[in-house]
**Student:** 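Pasting a structure below so you can have a look.
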2 protein chains.
Amino acid sequence: MNNQINDAPLTLRDVAAAAGVSLATADRVINGRPGVSAKTALKVHEAVQRLGFRPLAAAAELARSRSWRFAVVLPGGGNRFMLDIADNIRAQADWFRARRIAVEIVETDVFDADTLAAELSMLPGRFDAVALVALDHPRIRAAIDDLVEGGMAVVTLVSDAPSSRRQHYVGIDNIAAGRTAGSLVGRFLGPPRIGEAGKVEPGGAVGIVTGSGSLRDHAERRFGFGQVLAEEYPHLIRLPPVEGRDDPDRNRDLVRRMLADSPDLVAIYNTGEGSVGIGEALAEAGLARKILCVGHELTPATRRMLLDGTFAALVAQDPGHEVRSMARVLHALVTGQEIVAAQEHIRVQVILRDNLP
Amino acid sequence: MNNQINDAPLTLRDVAAAAGVSLATADRVINGRPGVSAKTALKVHEAVQRLGFRPLAAAAELARSRSWRFAVVLPGGGNRFMLDIADNIRAQADWFRARRIAVEIVETDVFDADTLAAELSMLPGRFDAVALVALDHPRIRAAIDDLVEGGMAVVTLVSDAPSSRRQHYVGIDNIAAGRTAGSLVGRFLGPPRIGEAGKVEPGGAVGIVTGSGSLRDHAERRFGFGQVLAEEYPHLIRLPPVEGRDDPDRNRDLVRRMLADSPDLVAIYNTGEGSVGIGEALAEAGLARKILCVGHELTPATRRMLLDGTFAALVAQDPGHEVRSMARVLHALVTGQEIVAAQEHIRVQVILRDNLP
DNA sequence: CTGTTAGCGCGTTCAC
DNA sequence: GTGAACGCGCTAACAG
């Protein structure tokens, strides 16, 4: 096992000397530029291997002296999580500046395919790379493919368009997130009661509040959640999902009705935002902490409800991690560096009252 | 709200010109070096503010042209988690090299204060910065203070020595980790049964397996765990902790005895490594998945036991995050940059079968 | 195909 | 207290 990491400070000059070529030739080989004979290239490669040379990023960065324009396309109209994403981008200003990257946040109606596609079509020429909160829709897929075709680096953020040609997706596996929520609900409710005849008694009803049936991430979460409940907790009865468009007021009304219609309600899972409306409806009915709630994303509202026990757990993704990953990936894509997959994996977090950050 | 980030590429030259001083003077002010009159400094500061200047990291890095030697002191003798830490350090080799940092991994007996203190005393002169897995012991505290006194940057890794003068701790809040484990156990076991007289029935016994009573991180986890159980799940009976020194074989024997002694055992919490021994003892007794297990850290063994249901959940810290944080923090400390606290916070992760990375 | 050379933006001697 | 000038390691334009 080698416990010495990076011993001798090597330079391209050392490599060139060792290979018996000029600086420029060594540089061409290192960066895979054309105009070098096969055997010269081989000599250089050997020298690189033998000496264990790696270019000094800072020097390359400086010499390249080229600047980049990134666009980040986010849904307009302040959902808390997206505001956090935007804030984190601003917080990374120094990181971007240190790499000569100008970032523009473009707000648009991400939920309307035509609007989003139109916005995307305005990007080429003005930007070198784009991160976007995607909609999984044929028109958007085509728009993304056009950008890639035009030579831009494209990554999807938070919500993916898997069949497009985007180079990377920065976000969580939403099926896994839904499954995680399902396991939390199933386990927190405890094992089923066994009736007199030795039969499993029904464990009560589980309500599902979702933003919209047509958003891919919400649909995936619902799918994962349903999978786990059906497989592992068949005694729980899933109510048909209700759609509140991530709006607290709508969610409040939906939960009021749910409480009226389903006296056997034991848990609620919210696949999206607007959890605060659920908390309000439960509080009104005097059922806060009596009905198990699991939701998504850490916001001031969900934090409060976690602390007061209204919500038992949150399944979350870290907007800070996502923004930093997006920045690294786009930078790597435009500068032609490799991306370290392991480092860019975005985790599905479970947050209880006790491990709140 | 400003959606434009980093518009004009500014240089120190621009600032100097705007302030009506030379490059060198502007540089002195920016880097807080002496030899500049108060009013000249003010002019420069104003120009910096007005133009919104930030030095280009790459150029600074290059010009500084100084290299660093970091030591990372880890426990020798392959505990899986520490091997992961070491592997992640090697995986960061390029990052270190790009910053002219030579890293040496020093293996020693971290659990013996004298050995560790002796090892630490060998470091000054040979290294600019140290990260160490600390022992919270007076002799180690003194050794750390000596290093800091001697001008080295020192951070503790995974296990802290809070009362020493180390500049930073890279690791999780172990009390929070223990509390999280406690909440998982309490909730997963379900609410207490209510007896005929309306009284809460005892919920069974909870076993606690720990590495050693004298390791601070284990002790803190036990403390947090006990806190939550006592406060929120008083119907559960905590058995006295048993010490297996993180060794699977010892843990196996301890759990065998625990099973024999406590027929009412319903859950086991392992504060440290060697969880595989617990799984073995349960499997022998045909009790795997019947007794709830919660442990720490994701390793091939714990991953397997999570998948097969022997363990219900793991509380974990990400060695990759920790190594990267350690690298950033030490680099910031030696180069005198600020550290972004929010980014360096290491999260207490909850891992279920469904959100395994 | 290959080599020479002038910067990239900042730190750091030196003079003044 | 201040400024001029060189160099960090690499890239890119140009010359051969």
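Basis for what follows: all heavy atoms, side chains included, without hydrogens, waters or symmetry-related copies. Order of the sequence lines fixes the chain letters, A, B, ..., with proteins taken first and strands second; residue numbering starts at 1 for each chain.
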**Student:** Taking atom P of dT2(D) as reference, at what distance in whole Å does atom CG of Asn31(B) sit?
**Tutor:** 16 Å

**Student:** Closest to the Asp27(B) side chain: dG11(C), dC1(C), dC10(C)?
**Tutor:**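 Of the candidates, dG11(C) comes closest.
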
**Student:** For Arg33(A) and dC10(D), give me the distance from atom CZ to atom P, rounded to whole Å.
**Tutor:** 12 Å

**Student:** Go through dG3(D), dT4(C), dC8(C) for me and flag the one nearest to the Ser22(A) side chain.
**Tutor:** dT4(C)

**Student:** Looking at every strand, decide which applies to Leu62(B) at a 4.0 Å heavy-atom threshold: base, sugar-phosphate, or nothing.
**Tutor:**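 If one applies the 4.0 Å heavy-atom cut-off, Leu62(B) turns out to touch a base.
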
**Student:** Check whether Trp95(A) forms a cation-pi arrangement with Arg97(A) (NZ or CZ under 6.0 Å from the six-membered ring centre, at most 45° off the ring normal).
**Tutor:**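 No cation-pi geometry.
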
**Student:** Is the shortest side-chain N to carboxylate O distance from Arg80(A) to Asp87(A) below 4.0 Å?
**Tutor:** yes

**Student:** Just to be sure I understand the rule, does Ala24(B) reach a base, reach only the sugar-phosphate, or reach nothing, if contact means heavy atoms closer than 4.0 Å?
**Tutor:**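 Counting heavy atoms under 4.0 Å across all strands, the contact made by Ala24(B) includes a base.
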
**Student:** With nearest nucleotide decided by heavy atoms, which residue, Arg54(B) or Val36(A), maps closer to the 5′ end of DNA chain C?
**Tutor:** Val36(A)

**Student:** Are His321(A) and His345(A) near enough that their ring centres are under 6.0 Å apart?
**Tutor:**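 When the ring centroids of His321(A) and His345(A) are compared, they turn out to be at least 6.0 Å apart.
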
**Student:** Here's a test of your reading of the structure: between Arg64(B) and Val21(B), which maps to the more 5' nucleotide of DNA chain D?
**Tutor:** Val21(B)

**Student:** What are the two closest non-hydrogen atoms of Ala161(A) and Leu135(A), and how far apart are they?
**Tutor:**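 Shortest heavy-atom contact: CB-O, 4.2 Å.
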
**Student:** Distance check needed: dG1(D) C1' versus Leu42(B) CG, whole Å only.
**Tutor:**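 After rounding, the reported distance stands at 16 Å.
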
**Student:** Please report, rounded to the nearest Å, how far the C1' atom of dC8(C) is from the CG atom of Leu10(B).
**Tutor:** 16 Å

**Student:** Please report the distance, rounded to the nearest Å, between CG in Leu23(A) and C1' in dC14(D).
**Tutor:** 15 Å

**Student:** Quick check on dG1(D): is either OP1 or OP2 less than 4.0 Å from any side-chain nitrogen or oxygen of Thr25(B)?
**Tutor:** no

**Student:** Of the options dC10(D), dT4(C), dC10(C), whose atoms approach the side-chain atoms of Ala59(B) most closely?
**Tutor:** dC10(C)

**Student:** Between dT2(D) and Ser37(B), is there an OP1 or OP2 to side-chain N/O distance shorter than 4.0 Å?
**Tutor:**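 The answer is yes; a side-chain N or O of Ser37(B) sits under 4.0 Å from OP1 or OP2.
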
**Student:** Write down the distance between CZ (Arg13(B)) and C1' (dG11(C)), rounded to a whole number of angstrom.
**Tutor:**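 Atom-to-atom, Arg13(B) to dG11(C), this comes out as 13 Å.
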
**Student:** Consider side-chain contact (heavy atoms from CB on, under 4.5 Å). Of Leu10(B), Val15(B), Leu12(B), Val29(B), which one does Val48(B) pass it with?
**Tutor:**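 Checked Leu10(B), Val15(B), Leu12(B), Val29(B) against Val48(B); only one passes side-chain contact (heavy atoms from CB on, under 4.5 Å): Val15(B).
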
**Student:** Any side-chain N or O of Thr40(A) less than 4.0 Å from the OP1 or OP2 oxygen of dC1(C)?
**Tutor:**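 Indeed not, no polar side-chain atom of Thr40(A) lies that close.
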
**Student:** Could you tell me the separation between the CG atom of Leu56(B) and the C1' atom of dC10(D), rounded to a whole number of Å?
**Tutor:**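 Interatomic distance, CG of Leu56(B) to C1' of dC10(D): 14 Å.
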
**Student:** Just the rounded figure in Å: distance from P of dC8(C) to CG of Leu12(B).
**Tutor:**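 Those two atoms, CG and P, are 14 Å apart.
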
**Student:** Quiz question: going by heavy-atom distance under 3.5 Å, is there a donor-acceptor pair between the base of dG9(C) and the side chain of Arg100(A)?
**Tutor:** no

